[in-house]
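Values below: every heavy atom of this structure, side chains too, minus hydrogens, waters and symmetry copies.
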Amino acid sequence: SFEPNSFASLKRLNLLDLSFNKLNTIKLDYFTDLGNLKRIILNYNQIKSIESNSFDSLKKLSYLYLDFNQIESLSDGLFNELKVLAELYL
């Protein structure tokens, strides 16, 4: 895992690959300041839960890779704010 807001200084970042990091949860404040992200790769972790609204600040996100995890359930509306999401891999 990593500290919340670990990527706050990377405001222009458009791709974030955190695959193979043994993450087990996605917290609300992990991606808060990364509004330019277009692609997040979170596959091949051990993610079991994703906090509600975790992706809400990612208005430009087009691709979200969550496959090869251990996700047990997803909250209603988790992806509602991802208006330009083109591909979601579970």
For Tyr44, the rest of its hydrophobic cluster, which grows through side-chain links under 4.5 angstrom
Phe20, Phe68

For Thr32, what residues pass the side chain to side chain donor-acceptor pair (under 3.5 Å) criterion, not counting sequence neighbours?
none

Could you list all the side chain to side chain donor-acceptor pair (under 3.5 Å) pairs where at least one residue sits in residues 54-65, not counting sequence neighbours?
Asn36-Lys60, Arg39-Tyr65, Asn53-Asp56, Lys59-Glu81

Within a strict 4.5 Å, meaning less than it, do heavy atoms of the Ile47 and Thr25 side chains meet?
no

Distance-only check: which donor-acceptor pairs under 3.5 Å involve side-chain atoms of residues 82-90, not counting sequence neighbours?
residue: Lys83; atom: NZ; partner: Asn80; partner atom: O; Å: 3.1
residue: Glu87; atom: OE1; partner: Tyr89; partner atom: OH; Å: 2.1

Look at the side chain of Glu51 and the backbone N and O of Leu28, then say whether any donor-acceptor pair between them is shorter than 3.5 Å.
yes

Pair Ile40, Leu18 - check side-chain contact (heavy atoms from CB on, under 4.5 Å), show working.
CA-CA 8 Å; Ile40 298 179; Leu18 293 171; 5.7 Å; no

Can you measure from CZ (Phe55) to CG (Leu61) and round to the nearest 0.5 angstrom?
8.0 Å

Asn43 side chain reached by Leu66 side chain, heavy atoms, under 4.5 Å:
no

What pair of heavy atoms forms the shortest contact from Leu34 to Phe7, and how long is it?
CD2-O, 3.3 Å

Going by the side chain to side chain donor-acceptor pair (under 3.5 Å) test, which pairs reach into residues 69-78, not counting sequence neighbours?
Ser52-Ser75

Restricting to pairs with a member in residues 5-19, which pass salt bridge (charged side-chain N to carboxylate O under 4.0 Å, His left out), not counting sequence neighbours?
none

Just by modelled atom types, is the Leu23 backbone N or O under 3.5 Å from a matching donor or acceptor in the Asn45 side chain?
yes

Measure the spacing between CG of Leu64 and CD1 of Ile41 and express it to the nearest 0.5 Å.
10.0 Å

